[in-house]
Chemist: 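Take this structure, written in structure tokens, and hold onto it; I'll ask about it next.
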Amino acid sequence: MDGIRLMDTLTGDVRPLVPLEPGHVRIYSCGPTVYGPAHIGNFRSFLFADLLVRHLRWRGLRVTWVMNVTDIDDKIIRGAASEGVGIDVLAERWLERFLADADTLRMTRPDVLPRATGHIAEMTALIETLLERGNAYRTPDGSIFFRISSWPAYGRLARLDPDQLRVGERVEADEYGKDDVRDFAVWKGPRGSEPSWDTAIGPGRPGWHIECSAMSMAHLGQSFDIHTGGVDLVFPHHEDEIAQSEAATGRSFVGTWLHCAHLQMAGSKMAKSTGNIAGVDDVVASGISPRALRYALIAVHYRQGLDAGDASLQAAAGAVDRLDTLLAALAAYEQAGPDDPDLPGVLQAARAGFGDALDDDLNASAALASLFDLVRDVNRRLAARALSSADTGRVRDLLRDLDRVLAILPDADDRLDADLERLLADRSAARAAHDWAGSDRLRDALARQGITVEDTRDGQRWRRAKIGDHA
RNA sequence: GGCGACGUGGUGAAGUGGCUUAACACGGAGGUCUGCAAAACCUCUAUUCACCGGUUCGAAUCCGGUCGUCGCCUCCA
């Protein structure tokens, strides 16, 4: 093991992660714009950050994770106006929904979820500095733009030559007056009935990019370790963040830029603008459990495109079921014999393989391979009756340990309600009486309620069904 | 038009110079076990890594070309 290595978008190489403060990693993730429900493509990028955070913590590092919430932007303004409510009402509603979906997918709650509207002062302070330093200028309508020509490094992150940028023919009315069409707004002057803040730099509202610069620096400092987002944010969003942040502070902004590839659906990018989307609720309604969805979203390397087709979701459900089955088997197994002398080595090797894979730029596929190698090995030992009852606890402990990173196993305290418990007890009794017809009837009844029951020499065992019910 | 990523079995996907005639998962075929079922385990399911050429003792892995897919090039994770 030679530490955690990550692929930095800016330099294009894989480098060891060296936190600015030893033992403490500061991470900023571009979060949701709360004007509607986030789709599972959005969640892929959030879950990839979650996986990173969980792995770093599993490695014993302290992590401060900040994810912004954009609660003021054109779409929110438009949506609120069409409903005749304030932007705060709309934002609050969709933020709640975002958090609920995030919980469903077992995303770690970020340490801070700063909102743009709560950081106007930080943004205007940053803009003032940019004005003072000559990196930004005002236009007649009260807007303020960042001057790209004042920042020679512009385009480095996206590997774009500013002179080659194909500038759109459409120029928004409010953007007339820019010195250069490529310049971007850090502050938008007041317009009609749009929300506006009275600030030291004048009335108006913030541009999108400045939000992330201000909020990340407010909560993590002028320089921090990792910034994550989807590849579509590389340009212009993150490019602009770097320019305005470094121009304002004179310091390096971010140590490592991490970008995850798009989730695709039917061969093309999942995006709200194309309507080619599926929400967490849509997938769950189709019978895929949240745990299986999480598995599908994190099982493929984050820089690899991923198609959320039915086949991959079904495969994920199958893989999760294999883990559930092992847990159920461990719980049901009883063997008084001596401990398996080989087990400690097997467990240690699995943990090492798992951790090493994730250290290597978060290679989740390889980490899962290590986990499933362990699953087969343990199943073999269970079948051979080589393990003791105490050994099953050791295996379970390791699975739970690895699951601190994966978060795909059933809850440790998952219990059936009383009615189902009774059906299980009845079935056990029927079997004891060799009442096979009754036993089969009860098994069917349980299956209809989403519980799979299986018989072993240690008695019956149960687990949640793969498809359908996922309480 | 510019820039970038990628192309591995029935499917998803790891591997990026010899340990790999290719991990792991899903699926399929056969077998063991079992009241039945399921699960699990065992065997089989790519002599081959888009195609062509080259470098090398040796390539899925490096180089060149061709074809194809996807993404970015102003607010989309």
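Order of the sequence lines fixes the chain letters, A, B, ..., with proteins taken first and strands second; residue numbering starts at 1 for each chain. Quick note: numbers below take in every heavy atom, side chains included, and nothing from hydrogens, waters or symmetry partners.
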Chemist: If you check the R431(A) side chain, which of A77(B), C36(B), C73(B) turns out closest?
Modeler: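 Ranking A77(B), C36(B), C73(B) by closest atom to the R431(A) side chain puts C36(B) first.
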Chemist: Given A37(B), A25(B), G4(B), which nucleotide is nearest the side-chain atoms of D455(A)?
Modeler: A37(B)
Chemist: Is D414(A) paired with R464(A) through a side-chain N to carboxylate O contact shorter than 4.0 Å?
Modeler: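 Result for this pair is yes, salt bridge flagged.
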Chemist: Under 4.0 Å between any heavy atoms, over every strand shown, what does Q314(A) touch: base, sugar-phosphate, or nothing? Just pick one.
Modeler: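 It contacts nothing in the nucleic acid.
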Chemist: In whole Å, measure the gap between the C1' atoms of U34(B) and A40(B) for me.
Modeler: 12 Å
Chemist: Considering only nitrogen or oxygen atoms on both sides, find all protein atoms under 3.5 Å from nucleotides 11-20 of chain B and state each distance.
Modeler:
| from | atom 1 | to | atom 2 | distance (Å) |
| --- | --- | --- | --- | --- |
| A14(B) | O3' | N363(A) | ND2 | 3.0 |
| G15(B) | OP1 | N363(A) | ND2 | 2.6 |

Chemist: With rounding to the closest Å, how many angstrom separate the C1' atoms on G65(B) and U55(B)?
Modeler: 15 Å
Chemist: Touch check for H237(A), heavy atoms < 4.0 angstrom, all strands: base, sugar-phosphate only, or nothing?
Modeler: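 H237(A): no heavy atom of the nucleic acid under 4.0 Å.
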Chemist: Given atom CG of L387(A) and atom C1' of C41(B), what is their separation to the nearest angstrom?
Modeler: 14 Å
Chemist: Is C62(B) paired to anything, Watson-Crick or G-U wobble with both distances less than 3.5 Å, and if yes, which nucleotide?
Modeler: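 Pairing partner, where one exists within any strand: G54(B).
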Chemist: Could you tell me the separation between the NZ atom of K75(A) and the CD1 atom of I87(A), rounded to the nearest 0.5 Å?
Modeler: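 Nearest 0.5 Å value for the NZ-CD1 distance: 14.5 Å.
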Chemist: Tell me the partner of G35(B), counting only Watson-Crick (N1-N3 plus N6-O4 or O6-N4) or G-U wobble (N1-O2 and O6-N3) with both under 3.5 Å; none if nothing fits.
Modeler: none
Chemist: Do F224(A) and F253(A) make the cut of ring centroids closer than 6.0 angstrom?
Modeler: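 Judged by ring-centre distance (under 6.0 Å), F224(A) and F253(A) do meet the cut-off.
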Chemist: Taking atom P in both C36(B) and U45(B), compute the distance separating them and give it to the nearest angstrom.
Modeler: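 Looking at atom P only, C36(B) and U45(B) are 30 Å apart.
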Chemist: Just jot down the salt bridge (Lys or Arg N to Asp or Glu O under 4.0 Å) partners of R93(A), sequence neighbours excluded, or say none.
Modeler: E83(A)
Chemist: Rounded to whole Å, how long is the line connecting atom CD of E454(A) with atom P of A38(B)?
Modeler: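 Atom CD in E454(A) sits about 10 Å away from atom P in A38(B).
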Chemist: Looking at D440(A) and G35(B), is any side-chain donor or acceptor paired with a base atom of the opposite kind under 3.5 Å?
Modeler: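 Answer is yes: a donor-acceptor pair is held.
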Chemist: May I ask you to evaluate whether N42(A) reaches the phosphate of A77(B), defined as a side-chain N or O under 4.0 Å from OP1 or OP2?
Modeler: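 It does, given that an N or O in the side chain of N42(A) lies less than 4.0 Å from OP1 or OP2 of A77(B).
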Chemist: Counting just side-chain N and O atoms, does K269(A) come under 4.0 Å of either OP1 or OP2 of C72(B)?
Modeler: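 So the side-chain polar atoms of K269(A) do come within 4.0 Å of the phosphate oxygens OP1 or OP2 of C72(B), strictly under.
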Chemist: Does a side chain donor of either Q460(A) or R427(A) reach within less than 3.5 Å of an acceptor in the other side chain?
Modeler: yes
Chemist: Is R15(A) paired with D8(A) through a side-chain N to carboxylate O contact shorter than 4.0 Å?
Modeler: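 Between R15(A) and D8(A) there is a salt bridge, with a charged N closer than 4.0 Å to a carboxylate O.
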Chemist: Expressed as a whole number of Å, how far does the C1' atom of G10(B) sit from that of C44(B)?
Modeler: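 Here G10(B) and C44(B) have their C1' atoms 15 Å from each other.
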Chemist: For G41(A), report the nucleic acid contact type (base, sugar-phosphate, nothing); a contact means any heavy atom under 4.0 Å.
Modeler: base
Chemist: For H237(A) and H209(A), take the angle between the two ring planes, folded into 0 to 90°, and tell me which bin it lands in: parallel under 30, tilted 30 to 60, perpendicular over 60.
Modeler: tilted
Chemist: Is R380(A) close enough to C42(B) that one of its side-chain N or O atoms is under 4.0 Å from OP1 or OP2 there?
Modeler: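 Indeed, a polar side-chain atom of R380(A) lies that close.
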Chemist: Can you tell me how far C1' in A59(B) sits from the matching atom in A22(B), rounded to whole Å?
Modeler: 13 Å
Chemist: At less than 3.5 Å, do the side-chain atoms of R376(A) and the base atoms of A40(B) form a donor-acceptor pair?
Modeler: no
Chemist: Taking pairing as Watson-Crick or G-U wobble with both contacts under 3.5 Å, can you name the mate of C3(B), or confirm there isn't one?
Modeler: G71(B)
Chemist: For R427(A) and A38(B), what is the distance between atoms CZ and P respectively, to the nearest whole Å?
Modeler: 13 Å
Chemist: Go nucleotide by nucleotide along RNA chain B from the 5' end; which of T456(A) and D73(A) gets its closest nucleotide reached first?
Modeler: T456(A)
Chemist: Side chain of R322(A) only, heavy atoms from C-beta on: which candidate in C41(B), C36(B), C75(B) is closest?
Modeler: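 The answer is C41(B), which lies nearest to the side chain.
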Chemist: Which whole number of Å gives the distance between the P atom of U61(B) and that of G18(B)?
Modeler: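 Their P atoms lie roughly 12 Å apart.
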Chemist: When you check the phosphate oxygens OP1 and OP2 of U74(B), does a side-chain N or O of K188(A) lie under 4.0 Å from one of them?
Modeler: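 So the side chain of K188(A) is outside the cut-off, no N or O lying under 4.0 Å from OP1 or OP2 of U74(B).
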Chemist: Can you tell me how far C1' in C42(B) sits from the matching atom in C49(B), rounded to whole Å?
Modeler: 28 Å
Chemist: Need to verify one output field. Residue with the more 5' nearest nucleotide on RNA chain B, A319(A) or T452(A)?
Modeler: A319(A)
Chemist: Considering only atom C1', compute the distance from G17(B) to C57(B) and round it to an integer number of Å.
Modeler: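 To the nearest whole Å, 12 Å.
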Chemist: Choosing from G71(B), C3(B), C24(B), which nucleotide comes nearest the side chain of D373(A)?
Modeler: C24(B)
Chemist: Would you please indicate if the ring centroids of F48(A) and F43(A) are separated by under 6.0 Å?
Modeler: no
Chemist: Parallel, tilted or perpendicular: which one describes the rings of H238(A) and H259(A), with boundaries at 30° and 60°?
Modeler: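 Aromatic pair H238(A)/H259(A) classed tilted.
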